[in-house]
Structure formats: structure tokens, C-alpha cells
Amino acid sequence: MHGEYKIPGGKLVVVDLERRDGVLRNVQVAGDFFLEPDEAITAINQSLEGASADTDLTGLAARIEAAVPEDTVMYGITAAGVAVAVRRALAEATDWTDYDWQVIHEAPQSPALHMALDQVLTEEVAAGRRPPTLRVWEWASPAVIIGSFQSLRNEVDPEGADRHGVTVVRRISGGGAMFVERDNTITYSLSVPASLVSGLSFADSYAYLDDWVLAALGDIGVRAWYVPLNDIASKDGKIGGAAQKRIATGDGAVLHHVTMSYDIDADKMLDVLRIGKEKLSDKGTTSAKKRVDPLRRQTGLPRAEIIDRMIASFSQRYGLTEGAVTAEETARAEELARTKFGSEEWTGRVA
């Protein structure tokens with residue numbers, strides 16, 4: 001069995017092992033990390049030898065930490081990261097490079113249709129009818145997108161939304177509210193097979209699926225990092241946030257979508273969203289502007305160029321072919337947009 005795990009902010013850890021009679025045998029840990037002294041790698045391998053295949057991440061990491069010499073220095077590798085690679089090997093997890101990825105970047109769509117496309121495309125991946133897909137969103141109108149479990153009245157000022165012509169929709173994933181206008185955010189979705197995140201905890205799957213975009217931001221000069229559970233940050237503040245939804249049908253799939261600020265009008269956002277004191281370090285528009293840190297200011301690049309570079313970065317790492325939403329997927333999404341995501345019943349399901 002073979003498992004790989006790129007530690008967020010660290011190096012690649014590779015584990016090869018056998019499972020015999022319910023225990024781990026012939027464990028070999030490798031990777032491009034740094035480790036001193038040399039015998040520490042032998043200690044790590046031996047610590048895992050004979051461990052129950054049912055040992056959880058905490059238990060595996062504890063075995064490693066107890067076995068390595070006291071003066072061990074780990075750089076780019078952690079005991080927890082090795083444990084994740086072991087669990088991924090046992091779960092027969094897949095890797096990014098195991099797939100033929102498709103990118104979809106089409107004309108602006110209505111907010112309700114974007115919600116529907118996320119559901120439909122991820123269900124198609126779960127059913128095996130669609131390859132893993134990176135979809136970049138374009139907005140036809142301003143919107144507030146609230147999380148699946150958020151209270152509508154607590155998050156949105158209806159008078160402010162009406163005043164600015166903002167449509168309110170509810171997505172299928174959890175997390176917080178997003179304020180978007182055409183060309184002021186960069187939003188994308190990953191619809192991936194469940195096997196890509198096998199062996200990862202819920203929290204680890206966020207870091208794992210965000211890793212490529214951190215590298216892509218680095219390529220354009222933005223040093224960004226993952227902040228648990230679902231934020232992407234830089235030294236100048238928060239850049240964006242992620243949300244996920246697991247699809248249990250077929251072979252299973254994960255929807256992971258991210259919205260990053262490009263050039264948000266913070267005054268308008270405050271007029272539409274009811275941002276509570278607990279979400280801001282202080283009061284008023286100034287704190288909101290600090291909270292939503294635009295990529296335009298950090299890069300000086302046009303939004304379209306940032307998107308193009310992000311897509312190119314993904315393609316260089318994992319390969320991409322250009323695709324499109326099929327006629328069948330479009331029909332299903334339009335029906336869902338009409339009957340579910342555009343309905344008052346769904347949007348107001350948590351009043």
C-alpha cells in the first residue's frame with residue numbers, strides 16, 4: 001500500500017507498507033523532507049512496525065514521537081504528517097496526479113445557477129460521469145451567499161440588499177456569508193472524488209485542497225497560508241475563505257469552494273451584511289476593510305490575469321483540459337436553480 005501527503009507549509013511524505021493480519025508490516029517512510037539525526041528515519045519506521053491497522057492519527061503520531069531520539073530535528077515533516085500518510089495508504093487514497101482534471105470557466109451566471117452548478121457537477125463526479133473539475137465562477141449580478149446553516153435574518157439586512165439590488169441565495173455547504181459583485185472576488189469550486197481526501201480528517205482536507213492555491217498565490221508574489229478551519233491569510237490580513245460539502249451518492253465526492261477578495265466595496269458590504277462585533281476586531285467600516293484584504297492591492301494585477309495565472313499554476317502541477325458544462329448538466333442545474341436555490345423556502349430554511 002502506498003500513501004502520500006504534502007504537509008501544508010512543509011514537504012511531501014511518502015509511506016509504503018503492507019497490512020498483514022490487521023497490523024502494519026514493512027513500513028518505509030520517505031520524502032523530500034529534512035531529518036536529523038539519520039537514525040531518526042529508522043526509529044520512525046520501527047515505531048510503526050506492528051501497529052494495529054485501526055490505530056487512529058493521534059495514536060500513530062504518539063508512537064512516532066515516543067520513538068525518535070530526543071535530539072531529533074524535523075524540517076518539513078511532522079509526526080502527525082507521517083500519520084496522515086499512513087492512514088491514506090491504508091485507505092487506498094488517490095492523489096492529484098491520478099486524474100485527468102478539467103477546468104470550466106464560462107460566462108457570468110446568476111447566483112442561484114452557481115449554487116445549482118456546484119451541486120450538479122459534484123454529484124456527476126460522485127457518479128463517475130464527470131472527471132474531477134476546477135470551475136471558476138463569473139457573476140452576472142451582485143449577491144450575498146449564506147452558508148447552509150446560517151440564519152437569514154441574522155446575516156442579511158433586507159433593506160440594504162434591496163437598496164443595492166443584491167440577490168440572496170443559500171449554498172449547500174456550511175460556513176459564513178459572502179458578499180460579491182461582478183469582478184470584485186475570485187471564486188472557484190473543486191469537485192473531487194472522495195478518494196482524494198481519504199485518510200484525512202475534515203480539517204486536514206481543507207488544508208490539503210487549499211495547498212495548490214497557496215502555491216498559485218505565491219507564484220504571483222502573495223505569500224499566503226492556511227488558517228484552520230477554512231481561511232486563507234497573508235501578512236496583511238485575510239484573503240479568502242473555503243467551505244465544503246460531502247456528497248454520499250455513488251462513490252462519493254467532495255465540493256470544496258473558495259472565495260477570495262479582489263476589490264470589495266466594504267461600505268456597501270456593511271450596508272448589506274449584518275456583521276456582528278465578534279467577527280471584527282473593532283467597529284465600523286475601517287475594520288471591515290482591514291478584514292477583507294483585496295488581491296488587487298497586494299498584486300497590482302488585473303483580476304483576469306490573476307485567474308489566468310491560477311489556472312496555469314494548477315495546470316503545471318496536475319494537468320488540465322478545457323471543458324464545459326454539458327447540456328444535461330445545464331438542464332439539471334437550471335431546474336434546481338428554479339425549484340430549490342431560487343426559492344424562498346430554501347433561502348429562508350433557517351429564518
Side-chain angles (χ1 to χ4, degrees), residues 84 87-88 91-106 109-137 145-150 169-176 178 187-213 229-230 241-259 314 318 320 323-343 345-347 349-350:
V84 170
R87 294 307 315 172
R88 283 177 61 76
E92 299 183 353
T94 53
D95 185 66
W96 295 86
T97 55
D98 292 331
Y99 300 103
D100 295 323
W101 290 86
Q102 186 175 109
V103 60
I104 295 175
H105 188 194
E106 296 185 332
Q109 308 282 6
S110 71
L113 188 58
H114 274 307
M115 304 303 106
L117 285 169
D118 261 0
Q119 178 174 329
V120 169
L121 297 185
T122 309
E123 288 175 347
E124 289 296 287
V125 170
R129 292 188 292 263
R130 160 169 284 281
T133 299
L134 167 65
R135 182 174 74 91
V136 180
W137 304 20
I145 304 92
I146 59 175
S148 182
F149 310 108
Q150 287 189 295
V169 291
R170 185 185 296 275
R171 61 182 185 268
I172 61 174
S173 63
M178 301 156 37
T187 302
Y188 69 86
S189 300
L190 288 171
S191 296
V192 306
S195 58
L196 184 62
V197 296
S198 292
L200 299 179
S201 69
F202 190 74
D204 285 339
S205 72
Y206 273 84
Y208 185 71
L209 294 176
D210 277 341
D211 192 61
W212 79 272
V213 79
L229 172 65
N230 62 337
Q244 283 187 8
K245 176 66 177 179
R246 307 295 172 105
I247 303 294
T249 58
D251 291 329
V254 177
L255 168 65
H256 180 92
H257 43 202
V258 172
T259 291
F314 190 106
Y318 310 122
L320 274 177
V325 181
T326 68
E328 294 80 4
E329 291 166 341
T330 298
R332 284 181 54 206
E334 289 175 343
E335 178 67 10
L336 272 177
R338 184 181 65 81
T339 61
K340 179 179 179 178
F341 294 104
S343 71
E345 180 181 5
W346 170 257
T347 304
R349 76 184 189 111
V350 183

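Index from 1, following the sequence.
Residue H257 comes nearest to D118 through the heavy atom pair ND1-OD2, 2.7 Å, listed as atom of the first residue, atom of the second, then distance. Scanning all heavy atoms of the two residues, the minimum distance from S189 to W137 falls at OG-NE1, 2.8 Å. Summarising the geometry of D251 relative to A194, their closest heavy-atom pair is O-CB, 4.0 Å, with the distance given to 0.1 Å. In plain terms, the two heavy atoms of I247 and A126 that are nearest each other are CG2-CB, 4.1 Å. The two residues D210 and Y188 make their nearest non-hydrogen contact at OD1-OH, 4.1 Å. Summarising the geometry of S198 relative to A91, their closest heavy-atom pair is CB-CB, 3.8 Å, with the distance given to 0.1 Å.
Proximity of M115 to I172: side-chain heavy atoms (C-beta onward) are nowhere separated by under 4.5 Å. The closest side-chain heavy-atom distance from V84 to L200 is below 4.5 Å. Contact annotation: the side chain of F202 approaches that of L229 to within less than 4.5 Å [non-hydrogen atoms, C-beta and beyond]. Proximity of L113 to E334: side-chain heavy atoms (C-beta onward) are separated by under 4.5 Å at one or more points. With a 4.5 Å cut-off on side-chain heavy atoms, S195 and Y99 count as touching.
A side-chain donor from one of S205 and R246 sits under 3.5 Å from a side-chain acceptor of the other. Using modelled atom types, one finds no donor on one side chain facing an acceptor on the other under 3.5 Å when comparing S148 with S173. Side chain to side chain, Q119 and R332 fail the donor-acceptor criterion of an N or O pair below 3.5 Å.
Within the 3.5 Å criterion, the main-chain N or O of Q102 finds no donor-acceptor partner in the side chain of R135. Remark: the backbone N or O of L134 is not paired with any side-chain donor or acceptor of W101 at under 3.5 angstrom. For the pair R130 (side chain) and T122 (backbone), a donor-acceptor distance under 3.5 Å is absent. One N or O on the side chain of T133 and one on the backbone of P131 form a donor-acceptor pair closer than 3.5 Å. A donor-acceptor contact shorter than 3.5 Å links the side chain of R170 to the backbone of W346. T94 places a side-chain N or O within donor-acceptor distance of the main-chain N or O of L196, the cut-off being under 3.5 Å.
We find the OG-CG distance between S191 and L121 to be 5.5 Å, quoted to the nearest 0.5 Å. To the nearest 0.5 angstrom, T330 atom OG1 is 7.0 Å from L117 atom CG. Annotation: the span from E329 atom CD to R129 atom CZ amounts to 9.0 Å, rounded to 0.5 Å. Atom-to-atom distance recorded for L190:CG and Q244:CD is 9.5 Å, nearest 0.5 angstrom. To the nearest 0.5 angstrom, T187 atom OG1 is 8.0 Å from H114 atom NE2. The structure places OH of Y318 at 9.5 Å from CH2 of W212, a figure rounded to the nearest 0.5 Å.
The environment of D98 atom CG is dense: over 12 non-hydrogen atoms of other residues, nucleotides or ligands sit within 6.0 angstrom.
Checked for salt-bridge contact, E335 and R338 meet the test: a charged N lies under 4.0 Å from a carboxylate O.
For Y206 and H256, the gap between ring centers is short of 6.0 Å.
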